[in-house]
Undergrad: 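Sharing a structure here in structure tokens format.
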Amino acid sequence: MKCMGLDLGSRTLGIATSDSLGWFAGALTTIRFAEDDYDTALEKLLPLIQENKIETIVLGLPKHMNGDVGIRGEISIRFKEMLEDVCDVPVILWDERLTTVAASKSLISQDVSRKKRKQIIDQQAAVVILQGYLDSKK
């Protein structure tokens, strides 16, 4: 089962995909778009879903540390609905608290430069989101 992980920001969409068995997540790319222009993000995402033959999408759901869903979480929920309206792939919301922190620590431990980290942090956060989901299915 091929899955895709998404880390949605206000100007970027980090994307990760799984291997065909659905065991391991790997970084794919980052889509950049004008601030809050989620229609463009979606337009750029759809071909990647088709090209990679994605069967499940895991979208990070940002929550506050107390579990409440704030404005960013509501935006992710709306993006999920937009995705479901235009493609037949199930979209799962996944708690993404501290994923960017985990991604950053992982990149630092790999001695990735600050400049390079800034370019790939969203992809790496998508990997953390997707790998969390994949691990929960084992």
Undergrad: How long is the span from the CG atom in Leu45 to the SG atom in Cys87, to the nearest 0.5 Å?
TA: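 Going from CG on Leu45 over to SG on Cys87, the span is 7.5 Å.
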
Undergrad: Return each pair, listed once, that meets ring pair (Phe, Tyr, Trp, His ring centres under 6.0 Å) where at least one residue sits in residues 25-51; pairs must be two or more places apart or across chains.
TA: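 For residues 25-51, and leaving out neighbouring residues, the ring pair (Phe, Tyr, Trp, His ring centres under 6.0 Å) pairs sorted by first residue read Phe33-Tyr38.
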
Undergrad: Is the shortest side-chain heavy-atom distance between Met4 and Leu48 below 4.5 Å?
TA: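 Yes; the side chains approach each other to less than 4.5 Å.
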
Undergrad: Just how far is it from atom NZ of Lys2 to atom NZ of Lys53, taken to the nearest 0.5 Å?
TA: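 It is 8.5 Å, given to the nearest 0.5 Å.
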
Undergrad: Counting N and O atoms only, with roles assigned by atom type, does the side chain of Asp7 sit under 3.5 Å from a partner on the main chain of Gly14, one being a donor and the other an acceptor?
TA: no

Undergrad: Hey, are the side chains of Thr30 and Ile15 touching, using non-hydrogen atoms and a 4.5 Å cut-off?
TA: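 The answer is no, as the side chains (C-beta and beyond) never meet within the 4.5 Å cut-off.
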
Undergrad: Is there a side-chain contact between Leu61 and Leu59 (heavy atoms, below 4.5 Å)?
TA: no

Undergrad: Does Gln123 reach the main-chain N or O of Ala27 with its side chain, forming a donor-acceptor pair under 3.5 Å?
TA: no

Undergrad: Grab the two heavy atoms, one from Cys3 and one from Tyr133, that are nearest each other, plus how far apart they are.
TA: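 Smallest heavy-atom distance, with atoms named: SG-CE2, 4.2 Å.
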
Undergrad: Indicate yes or no: at least one non-hydrogen side-chain atom of Leu13 is less than 4.5 angstrom from one of Leu6.
TA: yes

Undergrad: For Asp85, does the CG atom have more than 12 heavy-atom neighbours from other residues, nucleotides or ligands under 6.0 Å away?
TA: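 Atom CG in Asp85 is packed in, count exceeds 12.
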
Undergrad: Any heavy-atom pair between the side chains of Val127 and Gln124 that's under 4.5 Å?
TA: yes

